[in-house]
Number of protein chains: 2
Amino acid sequence: MQTDSLLKRNGLSVTESRKKILQLFLEGSGALAHGDIEKKAGEKFDRVTVYRTLQTFVDKGIIHTIPSADNSIRYALCKDECSEGHHHDHHIHFECSICHTTYCLDDVVTPQINLPKGYVAGHVEVVVEGVCKNCK
Amino acid sequence: MQTDSLLKRNGLSVTESRKKILQLFLEGSGALAHGDIEKKAGEKFDRVTVYRTLQTFVDKGIIHTIPSADNSIRYALCKDECSEGHHHDHHIHFECSICHTTYCLDDVVTPQINLPKGYVAGHVEVVVEGVCKNCK
DNA sequence: TTTCTTTTGCAACAACGTTGCTTTTTTATA
DNA sequence: TATAAAAAAGCAACGTTGTTGCAAAAGAAA
Ligand SMILES: [Mn+2]
Ligand SMILES: [Mn+2]
Ligand SMILES: [Zn+2]
Ligand SMILES: [Zn+2]
């Protein structure tokens, strides 16, 4: 199984919830919010388990967070070479205002930003809102 | 008073809470989250009033939202020519990872993003995380 | 001042998120 | 495979955040 080896490779024990949640990310196209996962998982798992699983996956560099202006963080698989404590997700994100899907645009790299004197840049997040290819 | 005329100009009645909250934005340097306002206002106002006031200000184009990956939207004054239903905030934002201040970098315009075929861009949000001029 | 309109505060509620602890599952090892 | 140790899941309880309806208070208009 794809999920099992991915979990093992990251030093995580293989459990039903982790397999199921990872599966959702692997098969789905867009990013998932906590609530999406609760629904899609078929209410098999405790809410707390979902919270803890997402946190574990983020810590291990399996998934990354996507900021939003509606107080619901979304999560998506890291396709870059992320590892424990070291995320390297340098792609931008796209939120469709019609179907509300959030996409990782893995091929669109984060632009260079010229900051005013005194500011030191770390990570740059870009979220583009618009209409996706399925909705126009 | 600066607050009174700003409120009137936007067709809003001048009330204690609106004046106080607007004041906080005018005198402060960084962006404010809902919680910051509750604290800074000196627990004078009901939580609900703060929510409704922020929503009203956003609707009128007085303040804009700043996305985040920590489930706490921040708000800042619009310095561009925003109006009811028409925000034109094309600047980027900076979050200091040390003091956790969020700045509007009004002079740094949002970059142009080349999207894959099929995606139509609307608004672009850029949030840079790093160390601010006061913290380095 | 009086009247009408808008906003506030309150109460109740729902959704979201966290923590400690017990039970269950997984892993490692004999 | 059986057993012991370690890790994760589930449960309960709780705190925080955000929403709604409604009555009281404040503001605008005249
Ligand atoms: Mn992504
Ligand atoms: Mn801004
Ligand atoms: Zn779409
Ligand atoms: Zn700082």
Side-chain angles (χ1 to χ4, degrees), chain A residues 1 3-25 31-60 62-63 65-75 84 100 102, chain B residues 1-24 31-60 62-63 65-75 84 100 102:
Chain A
M1 242 177 196
T3 51
D4 295 37
S5 60
L6 187 46
L7 289 169
K8 279 178 189 153
R9 195 177 339 134
N10 283 280
L12 293 174
S13 37
V14 179
T15 68
E16 282 307 305
S17 28
R18 285 177 180 168
K19 280 196 285 184
K20 178 65 184 173
I21 293 174
L22 195 46
Q23 192 60 43
L24 290 176
F25 281 110
L32 299 171
H34 172 95
D36 300 328
I37 293 168
E38 274 195 84
K39 281 165 208 135
K40 291 207 180 190
E43 55 190 299
K44 287 184 186 178
F45 306 111
D46 195 272
R47 219 155 43 84
V48 179
T49 301
V50 177
Y51 282 116
R52 293 199 267 226
T53 302
L54 288 173
Q55 189 52 58
T56 302
F57 285 0
V58 170
D59 291 346
K60 290 290 182 177
I62 298 172
I63 60 176
T65 57
I66 303 169
S68 84
D70 74 334
N71 268 349
S72 80
I73 299 174
R74 302 193 167 261
Y75 301 85
E84 181 147 19
H100 301 106
T102 299
Chain B
M1 244 179 192
Q2 196 181 357
T3 50
D4 295 37
S5 60
L6 186 47
L7 289 169
K8 280 179 189 151
R9 194 178 339 135
N10 283 280
L12 294 174
S13 37
V14 178
T15 70
E16 282 307 306
S17 28
R18 286 175 180 169
K19 279 196 285 186
K20 179 65 185 173
I21 292 173
L22 195 46
Q23 192 61 44
L24 290 177
L32 299 171
H34 173 95
D36 300 328
I37 293 167
E38 273 193 85
K39 279 164 209 135
K40 292 206 179 188
E43 57 189 296
K44 286 184 185 178
F45 307 111
D46 194 272
R47 219 154 42 84
V48 179
T49 302
V50 177
Y51 282 114
R52 293 199 268 227
T53 303
L54 289 172
Q55 189 54 56
T56 302
F57 286 181
V58 170
D59 291 345
K60 290 289 183 179
I62 298 172
I63 60 178
T65 58
I66 302 168
S68 86
D70 75 334
N71 269 346
S72 81
I73 299 173
R74 300 191 169 264
Y75 301 85
E84 181 147 19
H100 300 107
T102 299

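Within every chain, numbering begins at 1; the chains are lettered A, B, ... in the order of the sequence lines, protein sequences first and strands thereafter. Please read all numbers here as calculations on a predicted model, not as lab measurements.
The separation between L7(B) atom CG and dA26(D) atom C1' is 15 Å, rounded to whole Å. Look at CG on L54(B): it is 15 Å from C1' on dT7(C), rounded to the nearest Å. Atom CD of E38(A) and atom P of dG10(D) are 12 Å apart (whole Å). We find that CD of Q55(B) is positioned 8 Å from P of dT19(D), with the value rounded to whole Å. One can place NZ of K19(B) at 14 Å from C1' of dT7(C), the figure rounded to the nearest angstrom. Here dG18(D) presents its C1' atom at 13 Å from CG of D70(A), a figure rounded to the nearest Å. Distance OH (Y75(B)) to C1' (dT17(D)): 12 Å, rounded to an integer number of Å. Atom CG of D36(A) is separated from atom P of dA15(C) by 16 Å (rounded to the nearest Å).
In this structure, the salt bridge (Lys or Arg N to Asp or Glu O under 4.0 Å) partners of K19(A), at least two apart in sequence or on a different chain, are E16(A). Residues satisfying the side-chain contact (heavy atoms from CB on, under 4.5 Å) criterion with L32(B), sequence neighbours excluded, are L24(B), F25(B), D36(B), I37(B), K40(B). Legend: residues meeting side-chain contact (heavy atoms from CB on, under 4.5 Å) with E84(A), ordered by chain and number and at least two apart, are K60(A).
Using a 4.5 Å heavy-atom threshold, the side chains of H34(A) and S72(A) count as separate. Between R18(A) and S13(A) the shortest side-chain heavy-atom distance falls below 4.5 Å. Between V50(B) and L54(B) there is a side-chain heavy-atom pair separated by less than 4.5 Å.
Screening residues 46-58 of chain B for side chain to side chain donor-acceptor pair (under 3.5 Å) gives Q55(B)-D59(B) as the qualifying pairs, with residues at least two apart or on separate chains.
The side-chain contact (heavy atoms from CB on, under 4.5 Å) test with F57(A) singles out one residue from L6(A), I63(A), N10(A), and that residue is I63(A).
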Readout for nucleotides 17-30 of chain C: B = base within 4.0 Å of protein heavy atom, S = sugar-phosphate only, - = neither; 5' to 3' it is BBBB-----SS---
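Across every non-hydrogen atom of T65(A) and A69(B), the tightest pair is OG1-CB, 4.0 Å.
Using a 4.0 Å heavy-atom criterion, one finds that S17(B) contacts the sugar-phosphate atoms exclusively.
Note that the two end axes of the helix from dT1(C)-dA30(D) to dA30(C)-dT1(D) enclose an angle of 40°, each drawn from 5 base pairs, rounded to 10 degrees.
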